[in-house]
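This report refers to the structure that appears directly beneath it.
Note on naming: letters A, B, ... go to the chains in the order of the sequence lines (proteins, then strands), and numbering restarts at 1 for each one.
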Amino acid sequence: MHQYRTHSCAELRKDHVGETVKLSGWIHRKRDHGGVLFIDLRDTHGLTQCVVDEGSPLLAEMEKVRAESVITVTGAVRERPGETQNSNMPTGEIELYIEAMEVQGAADVIPFQVAEDDGAGEEIRLKYRYLDLRREKMQKNIRLRNDVIFEFRKRMREKEFQEFQTPILTASSPEGARDYLVPSRLHAGKFYALPQAPQQFKQMLMVSGFDKYFQIAPCFRDEDGRADRLAEFYQLDLEMSFVTQEDVFNTIQPVIEGVFEQFNDFTGTAHKVEWHDHIRYEDAMMKYGSDKPDLRNPLEIVDVTDVFARDDVEFKAFKGVIEKGGVVRMIRAPQVADQPRSFFDKLNSWAQGEGAPGLGYVKFENGEGAGPIAKFIPTAAQEELKKISGATDGDAVFFICNKEKPAAKFAGLARDAICNALPEGHEAAREQGVYKFAWIIDFPMYERDEAGVVDFSHNPFSMPQGGMDDLENKDPEKVYAYQYDAICNGFELCSGAIRNHKAEIMEKAFGIAGYDKSVLEAKFGGMLNAFRFGAPPHGGCAFGIDRIIMLLADEPNLREVYAFVMNGQYEDQMMSAPSDITLEQLKDLHIKLDLPKAKVKAEKAA
RNA sequence: GCGGGCGUAGCUCAGCUGGUUAGAGCGCCGCCCUGUCACGGCGGAGGUCGCGAGUUCGAGUCUCGUCGCUCGCGCCA
C-alpha cells in the first residue's frame, strides 16, 4: 500500500465498501461524541468522513490532534448506517473506519477558520495566505485561474500563435507609468527596469518574422493601486503581422468570447456574453462619459448646451459656465418622477460629495416640468430638452455643467450613480447576468493640456490614421490612432493598436509631441533601428488576465484571484517585502540611501 | 500627495446622550456525551479598546495629532 494514500478524499463510493484504503489530508472538522469521533478529512478534491469507534485505542490520541493538522489514516470503507448517509456530500454514502493514524504535520491553533467563512479581514488573510488558500472559495478561484490560462494557451495555439518568454530585466522607458528599477551590480549607477509590458519585444518579434506572438506576460507598474490594479499583473499579450485593426478583433474576440462562455456560470449564475458594436472614443465620452462604459447601464448622456444658451432660459449658474466655454450635459432617467424626494436628494448629496455644486434635475409630471430649477427653464426650452433626450411624462432629466472634459467625466459618474440609485427591477436598473463587451476605437493620437502643449494621449507607438499625410496636414487633436480598447461591464480588459512600423512616421509623430529626434534615438533606438531593416505592418493587444478572472469569479478585487499577492500598499506581510537590505548589498550596488526625514524618524521610533 | 470609511478578545462584531466590574458569536482550554456532519451540554481562560496628547471629577465613547488597513481622487496605456 502506498505510504500516504490510495485514494483522494473525494473518491470513495459504495463500490469501495469492504476495501482497506489509505487517505491523507487536513482535518477539516472534528465532531467528538465522547465514545465516537467523526473527522472530516479534506484534500483539494473533497471531503471524506472518517470514524474512530468506541473502544479504539486511537480515540484519546485523535481527540488531541487539532483542526488543520495533516494526517494519514488507514482503515476499511463501510457503508454508513441508513439514516446517517449524507446526500449533500459526494462521499456521503460511506465512511472510513480508522484503524491506524499518523500525524504528518500537526497544526497550532489557527488564526482564523479554514472550514468556514468567518469574515476574517484581508490583512490577516494575506499574512497567513497559505491558510486562506486552503479555503473552499480560494481553492475554486485559483483553479478557475488555472483553467482560464490553460484555455487561453490552447486556443492561441490552435490559432497558430507561438508562445514566447521575453526579458524581465530590461530597459526603463520614458513613456507611461513609473518603472520598477533594479540596480546593476556590474554597471555602477545603472539600472534595469521591470517591463510595464513586453511592448517593444513583441514588436521586434514581428520584425523578426515570427508572424504571431503571444505570451502570458508578467507586467510591472510602479503606480498606486486600486481594487482592479496591482503593481504586478498578467496579460494575455499578443501581436500579429500583416493585419488590420479588424483582423486583430476577429482573431482575439472568439478566444475571449469562448473563454467567457465556457466559464460564464462559475458563480452558479449563468451569464450571457454579448458584443456591442464598436464605439468611437469620442462617442463613448459623449454618450457614457467614460472610455470604459458599463453597457449594462442603459442610461445615456446628451449635450444640451444650446438649450441653456437660449435667451429665454435664465439659469444663471449654467449660463456663466457656458459663456466661459463650458457645456451642459443631460441624462434622462425614465419613469423616476414618482420616486420619493429622497431619491433626488441622495443623488444631489452624492454629487456634492464628488465636489460638484449639486446635481440639478427636472421632473416631467402631468405635462409640465417640476423640481427646484424647472422655473428657470421656460416651457419651450423644456420641450426642446424632451425632444433631444426623448423624455416623456414620468421621466426626469439630470444636468451636469462644466468645462467639456470634466463635464463629460462627471456625467459618466452621474450616469452610474443614477443607475445605482434605481430600485431593483426598475426598467433602467443595471442589467444582470450578462457580460457586455465592446471595442472602443479611434482614440485620438494627441491631446493638448491647458497650456496648449501637445502630448501623446495614449500609446505613442500606435499608427496614426492617415499616416504621414494626417501628421503633416491636420491639427494634432484631429489625428486619430489605430488604437483600441476592449471593455466589459465597466472594466477596461484590453488595450491595443496597429503599430507604427515606419521609422520616418515615428520621428514625425514624436516630433509633434515635442520629442526631439535625438531623444527618440536614445530611448527607442533599438526598435527604431529594427524598423530600418524591413519591418512588417503589425498590431496586437493585451488582455488583463486577472481582471478577466475577477469578472468570471464575480470578485470585488484582484487579490481574490491570485495565490500570492501584495496588499494595497504593495507590501507582502507574509514574505516581508519590501524589506531592508544589508550594507554589503548596497555597497555591491554602489548605492547610498537618502531617506526622507519623516521616514527616518518613524523607523527609529519603531 | 489628497479625501471618505474602519481600527474593541485569536477571528467577526456590539458597546446609546461620557459613568462604577467592557460584552456576544465563533475559536481556544477543561469536563461530560455512541451516529454526528455548522453535533450538543456544563465550566473556564483570554482585552495597552491601534498609539500619543488634550477636554473632564471621570474617556472605548468627545477633540486634536499620529500609525495601520481599505475604497476612491491624483497617478496609471
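Within the nucleic acid shown, A:G121 comes within 4.0 Å of sugar-phosphate atoms alone, with no base atom in reach, counting heavy atoms only. Among the protein residues, A:I124 comes within range of the sugar-phosphate backbone only, with heavy atoms under 4.0 Å from sugar or phosphate atoms but none that close to a base. Contacts of A:Y97 with the nucleic acid, taken as non-hydrogen atoms under 4.0 Å apart, include base atoms. Base contact: A:G34 has a heavy atom under 4.0 Å from a base atom. Within 4.0 Å of A:E122, counting heavy atoms only, lie sugar-phosphate atoms of the nucleic acid but no base atom. Using a 4.0 Å heavy-atom cutoff across all strands shown, A:D485 reaches no nucleic acid atom at all. Among the protein residues, A:K127 comes within range of no part of the nucleic acid, since none of its heavy atoms lies under 4.0 Å from any strand. A:Q49 comes within 4.0 angstrom of a nucleotide base, judged by non-hydrogen atoms across all strands.
For B:rC75, its base never sits under 3.5 Å from the side chain of A:R221 at any donor and acceptor pair. Counting distance only, with no hydrogens placed and no angle test, the side-chain atoms of A:R229 and the base atoms of B:rC75 include a donor-acceptor pair under 3.5 Å.
Across B:rC11, B:rG35, B:rA38, the shortest atom-to-atom separation from the side chain of A:R29 is found for B:rA38. Of the candidate nucleotides B:rU36, B:rC75, B:rC71, B:rU36 has the atom lying nearest to any side-chain atom of A:T84. Counting only heavy atoms from C-beta on, A:R178 has its side chain closest to B:rC75 among B:rU36, B:rA77, B:rC75. Comparing atom distances between the A:Q569 side chain and each of B:rC69, B:rG1, B:rG35 picks out B:rC69 as nearest. The side chain of A:R226 lies closest to B:rG72, out of B:rC37, B:rG72, B:rC69. Residue A:N86 has its side chain nearest to B:rC37 when only B:rA77, B:rC37, B:rC71 are considered. Closest to the side chain of A:E571, from the set B:rC75, B:rA38, B:rC69, is B:rC69. For A:E95, the side-chain atoms get nearest to B:rU36 when compared with the rest of B:rU36, B:rC71, B:rC76.
Under 4.0 angstrom from either OP1 or OP2 of B:rC33 there lies no side-chain N or O belonging to A:H33. Taking side-chain N and O atoms only, A:R31 has a distance below 4.0 Å to OP1 or OP2 of B:rC39. Listed pair A:R559 / B:rC71 meets the phosphate criterion, a side-chain N or O lying under 4.0 Å from OP1 or OP2. OP1 and OP2 of B:rG40 both lie 4.0 Å or more from every side-chain N or O belonging to A:K30.
Relative orientation of the A:F456 and A:Y446 rings is parallel, given thresholds of 30° and 60° on the angle between their planes. Aromatic ring pairs are classed by plane angle as parallel below 30°, tilted from 30° to 60° and perpendicular above 60°; the pair A:F510 and A:F461 is tilted.
One C1' atom belongs to B:rC69, the other to B:rC26, and the distance between them is 23 Å to the nearest Å. The C1' atoms of B:rG65 and B:rG72 are separated by 24 Å, rounded to the nearest whole Å. Between B:rG52 and B:rU8, the distance separating the two P atoms is 15 Å to the nearest Å. Taking the P atom of each, B:rG10 and B:rG4 are spaced 30 Å apart, rounded to whole Å. Rounded to whole Å, the C1' atom of B:rG50 lies 7 Å from the corresponding atom of B:rG68. Using C1' as the reference atom, B:rC49 and B:rA59 are 11 Å apart when rounded to the nearest Å. B:rC64 and B:rC6 have their P atoms separated by 14 Å, with the value rounded to a whole Å. The separation of B:rG44 from B:rA9, taken at their C1' atoms, amounts to 14 Å, rounded to a whole angstrom.
The CG-P distance, from A:L126 to B:rG68, rounds to 17 Å in whole Å. Summarising the geometry, the separation between CG on A:D416 and C1' on B:rC71 is reported as 16 Å, rounded to the nearest angstrom. Rounding to whole angstrom units, CD of residue A:E63 and P of B:rC39 are separated by 15 Å. Atom-to-atom, NZ of A:K409 to P of B:rC73 comes out at 7 Å; the value is rounded to the nearest Å. The interatomic distance linking A:F456 (CZ) with B:rC76 (P) rounds to 15 Å, in whole Å. Rounded to whole Å, atom P of B:rU70 lies 15 Å from atom CG of A:D228. The distance from atom CD of A:E123 to atom C1' of B:rG7 is 10 Å, rounded to the nearest whole Å. Rounded to whole Å, the distance from CD on A:E83 to C1' on B:rU36 is 13 Å.
A:H28 contributes atom NE2, which lies 12.0 Å from atom CZ of A:R134 (distance to the nearest 0.5 angstrom).
Between A:G35 and A:A120, the residue anchored nearer the 5' end of RNA chain B, judged by the nucleotide with its closest heavy atom, is A:A120.
Side chains of A:I487 and A:L295 form a contact here, defined as non-hydrogen atoms less than 4.5 Å apart. Side-chain contact between A:R129 and A:M138 is present, with heavy atoms from C-beta onward closer than 4.5 Å. Looking at A:R13 and A:P90, their side chains come closer than 4.5 Å, going by heavy atoms from C-beta outward. Annotation: side chain of A:L12 is in contact with side chain of A:L23 (closest heavy-atom distance under 4.5 Å). Contact check for A:Y562 versus A:E232: no side-chain heavy atoms found under the 4.5 Å cut-off.
Within a 6.0 Å sphere centred on CH2 of A:W439, other residues, nucleotides and ligands contribute more than 12 heavy atoms. Within a 6.0 Å radius of CD in A:E404, no more than 12 heavy atoms belonging to other residues, nucleotides or ligands are found. Summarising the local packing, CD of A:E99 is surrounded by more than 12 heavy atoms from other residues, nucleotides or ligands at distances under 6.0 Å.
Residues from residues 487-495 of chain A lying near RNA chain B, meaning a heavy-atom separation below 4.0 Å, are A:E492, A:S495 in numerical order.
With sequence neighbours left out, A:K137 forms a side chain to side chain donor-acceptor pair (under 3.5 Å) with A:E555, A:E560. Taking the side chain to side chain donor-acceptor pair (under 3.5 Å) definition, one finds that A:R448 meets it with A:D475, A:E477, sequence neighbours left out.
Look at A:E571 and A:K127 and you find no salt bridge, because none of the NZ, NE, NH1 or NH2 atoms lies under 4.0 Å from a carboxylate O. Look at A:D32 and A:K30 and you find no salt bridge, because none of the NZ, NE, NH1 or NH2 atoms lies under 4.0 Å from a carboxylate O.
For the strand RNA chain B, secondary-structure stems (runs of at least three Watson-Crick or G-U pairs, all distances below 3.5 Å) span B:1-7 with B:67-73, B:10-13 with B:23-26, B:28-32 with B:40-44, B:50-54 with B:62-66.
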Q: Going 5' to 3' through nucleotides 24-30 of chain B, assign each nucleotide B (protein heavy atom under 4.0 Å from a base atom), S (under 4.0 Å only from sugar-phosphate atoms) or - (no protein heavy atom that close).
A: ---SSS-
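Residue A:F38 and nucleotide B:rU36 are classified as a stacked aromatic pair, their ring centres being separated by less than 5.5 Å at an interplanar angle below 30°.
Counting only residues at least two apart or on different chains, no side-chain hydrogen bond (donor to acceptor under 3.5 Å, both in side chains) pair has a member in residues 107-116 of chain A.
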